[in-house]
Every structure is written in C-alpha cells, then in structure tokens.
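Let me begin by presenting the structure, written as structure tokens, before commenting on it.
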Number of protein chains: 2
Amino acid sequence: MNHSVSHTKINTLSNVHSIDRNDFIIRNCEKLFNIGDRLSGIYRINSGSVKLYRSNEAGQEQILGFYTAGDIFGLDALSDGKSQSSATILETSNISLIPFNTLLKRENSGDYKIFMQQVGINHNRDIDHTMMLLHCSAGRRLAWFFIKFSDNLSKRGYRADEFTLPMTRKDIALYLGVAAETLSRVFARFCAKGFIRIIGHQRSIKILEIDVLRNMINRDD
Amino acid sequence: MNHSVSHTKINTLSNVHSIDRNDFIIRNCEKLFNIGDRLSGIYRINSGSVKLYRSNEAGQEQILGFYTAGDIFGLDALSDGKSQSSATILETSNISLIPFNTLLKRENSGDYKIFMQQVGINHNRDIDHTMMLLHCSAGRRLAWFFIKFSDNLSKRGYRADEFTLPMTRKDIALYLGVAAETLSRVFARFCAKGFIRIIGHQRSIKILEIDVLRNMINRDD
DNA sequence: CGGCTTGTTGACAGTGATCAATTGTTGTGG
DNA sequence: CCACAACAATTGATCACTGTCAACAAGCCG
C-alpha cells in the first residue's frame, strides 16, 4: 500500500496535520467500521468522502453526515470506545486514524487545542443539520444541502458553482429526512425554475441561482 | 450567595466532580448566555434543568436539547469561543462553569478522560435526537421523548413512571419538530388510549404503559 | 444482451401545519 | 380576595405537503 498518495489541497485546517498519526488507511469504496465496533481512535479524512449512518430496526439506513477532506469523524466512540454508527467510503479516500492514546497523552498542547476546535466544528455542523430537520420543508432542505455543499467547496478553494456529488439521491434523501421520490421531485422543480442544472448524468450539478437557494433556506421562494 | 446548596443526588457521573471548577453559578429561571456570547468554559449542571436553543430568522426558537443534573453543555463554543446557541434555565438550578483553561491545562489525565467521555455522551444524545427527527411520526416523537425522559430519571435513581416536566408544551413541540397543536393532540390521544395520565395540571405526567411507548418508537402502535 | 441498481414520474391518501376560537392557568395589582 | 391581563394548552376545521405504492426509464456491470 502506498502511503505517500498526494493529498487533496486543503486551505483551512492544514495545521491539523501536526496531530500524530499512528496509522494510515487508503481504501476504495468500502466499509470503514460498523455499529458496535470498538474504535481505537478518531478518523480524519485527507482526501475523498465518507458517509456516517445508523440503521434503524426496519433495516433502513439513516444518514447522519457526509464528511470530506479535513473533517474528523468517529466521535460517537468517545463515550465507551464502541461506535454507535457505521461509516462507509463513498469514493477512493485517504484517511488517517488518530489513536485515542495519542489524544489522551497529549504531549503537545497545541494539537489538543486544535482537536477540541474540530470537535466544536463538528458539533456546530450537526446542529445545523438538526436545525434544518426541525423546521424546513423539502424544498428548503435541498436548498440547504446545496448551500452547505457549495460553501464547503469554496472554503477549500474549489469551484462552488459546479460539482459532482459523491452520494446517491437516496443517500441525500436519507440525510435530509425526506422520501427519495420527494427529493427527486424537488430536483426537477429546481431544474425547471432554473436554480440548478444537471449536467452529465444525475450526479453532476451546476448551480445557476445560488442567491435564490441561499434565501430559500430561510424564506420560502 | 450560598455556594453550599445541597446537590441533587446523582448516581452516575459523580466522579466528574473531580474536575476543577473556577466558578459557581446559582440562578433562578433566567438566561445563562446568548447566541454570539463569548463563553469562557463549559457548563455542568449539578441540579435543575436547562434548555439550549437557537432562534431562526423568523424569531422562532428551535430547541436543540434539554439538560439535567450531571450533563454538560456549551460545546458549541469549542470551535471559536463564541456560542452558537442560547441557554435558559427552566427551574432553579445549580450550575458549574468549567473554564477552558482548566480543560486545556489538564494536569489530571483522569479528568480529561471523563470530560471526553461526556463529550461523547452528549454527541450520542444529539444523534438520537437527529435519528428521531429523520423518520418519526408525531406519535413516535412524543413516545421517544417520554422514553428518553423516563430512562434518564431512572438512570439517576428517580421514579421513572411519574414525573413533572420542567418545560412547556411549546418547548417540547419545538424540540420534537412538530406544531404545538399537533403535540397537544398526541398528548390527548395518549391519554385516551391509556398510555399516560396527566395528573395535576399539564406538567405532571404518569406513565401507565411504558412498554407500549417503548415499542412505539420503532413500530407504529 | 439481461439483470440490477439508480433515478424519475404519476396517482392517491394521510399526516400534520395553519388559522381561529375557546378554555385553563398563572401572576399582578387594586 | 377578586378582576384582569398575559400566557399556556386544547380543540376544531381546512388543506397543502409529502409519504407511499406503482410503473417506468436510464445507467452500469456482469
């Protein structure tokens, strides 16, 4: 396995690289861990993307979050060491495992501070997700999703108006808490109104009216 | 101000008491902090209860969580020191402020570990909330709420089948992501079906069929 | 080519949001 | 102690949104 794979360019949080890493993982579209697995640390994505989810009793997945370069995940194992969610890689990714021991040892107080900030950032993002779920209609949910995805790209220095989604429609639907059919209809509506355009086939999106979408999160169109 | 107020009995997490506290706060039904406030640390509840919320653009609160004895909150200030939510005390409470400096200094690795576990526990509870919002009907949402509240009480050694809710119906509705009117109807339905009984007036609840409620979270009744 | 997954579209019914009115509760001041 | 106001909670009627079921189109991979 080649550990010297080039990293995706990260503008923010590049300082997090100073955290010790005892392990390196590079995989392609496979499961990283399962519910109940004992995690030995916290994961950080250097490149690629991951979905974090749980399955309910009906066997249906419920997606808790999508993570991309620079993000950390696996915090749900902090309480007792066992993960309460599953993680699957959406595309070929480069992921570090930061062992709990490294975090607990903390010979370097700077790393610790950065780690705590990352925990806070993750927490804020989860709150955004929750806020969206608490009161948004299907249209607002998709607008919210596009804005968050776009803003995330632009923070990393990529094009914010044209991108390829790494996840399926169903994954998005499960993340936004709407039926896949409803989501598909909202996609169609956004296209008809000229807010977005679906370029190649399905996954490639061009945002035409980003301000309209941004306003829609709060006010209805 | 009397700092030797007797603590509510806490069975779990009593060891967290070892974390240094640089401040002690005792207040009655008032606001603890606002969105945008710079927090100097993390709060821990010794007794009483608190609601954490944000306001959307329409000026409507959205409740992110209720916290009771033993809980910590204020993690949304970890990223940049400024809180992204507001906190209001629901009843007379005894609350500690654990300064960031204490956490960052960490002369005692045991405290640090316990703190990290608390972060994980908080995170897991937020995930539960999110999971509920992602797919539950109004009936399931209230059942979920009762079960979580009841389980929390029994973990602390209190009666799990009879309790007084510290929050209003509207607060519950905003936490569960349903309209207050809808919630009221579900309350009425639960009473009619004999799942619960409202004892004194409104806030005092007796759970009659806890197993039915517990099953309802997954399966529809 | 044929099976499988992914995504779209249609029809329909049910849940729950909204608006409005009423009742119950709490707190204040005369 | 009562009257009043402000708030909390309930109840009713209506209707839009969205979940569900179903059929179909479109890619993808063997």
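Letters A, B, ... mirror the listed sequences (proteins, then strands); counts begin at 1.
- Atom-to-atom, CG of A:L134 to P of C:dG16 comes out at 15 Å; the value is rounded to the nearest Å.
- Across B:I210 and B:S150, no two heavy atoms sit closer than the pair CD1-OG, 3.4 Å.
- Between B:E61 and B:K51, at least one side-chain nitrogen of the basic residue sits less than 4.0 Å from a carboxylate oxygen of the acidic one, meeting the salt-bridge criterion.
- Using a 4.0 Å heavy-atom cutoff across all strands shown, B:G139 reaches no nucleic acid atom at all.
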Q: Spell out protein contact along nucleotides 5-12 of chain D as letters: B when the base is contacted, S when just the sugar-phosphate is, - when no protein heavy atom is under 4.0 Å; keep the 5' to 3' order.
A: ----SBBB

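- Spacing between atom CZ of A:R140 and atom C1' of D:dT18 amounts to 15 Å, rounded to whole angstrom units.
- Taking atom CZ on A:R189 and atom P on C:dT9, their separation rounds to 13 Å, with Å as the unit.
- Between A:R197 and A:D161 there is no salt bridge, since no side-chain N of the basic residue sits under 4.0 Å from a carboxylate O of the acidic one.
- Going from atom CG of A:L90 over to atom P of C:dT6 covers 12 Å, rounded to whole Å.
- Whole-Å rounding puts the A:H135 NE2 to D:dT18 P distance at 13 Å.
- Among the candidates A:F145, A:Y158, A:F149, the single residue satisfying the ring pair (Phe, Tyr, Trp, His ring centres under 6.0 Å) test with A:F163 is A:F149.
- In plain terms, the two heavy atoms of B:G74 and B:L39 that are nearest each other are O-CD1, 4.1 Å.
- Taking the six-membered ring for Trp and thresholds of 30 and 60 degrees, A:Y175 and A:W144 have ring planes inclined between 30 and 60 degrees apart.
- Rounded to an integer number of Å, the gap from CG of B:L174 to P of C:dG16 is 17 Å.
- For B:L176 and C:dG16, the CG to P distance is 12 Å, given to the nearest whole Å.
- Remark: C1' of C:dG7 and CD1 of A:I199 are 18 Å apart, rounded to the nearest angstrom.
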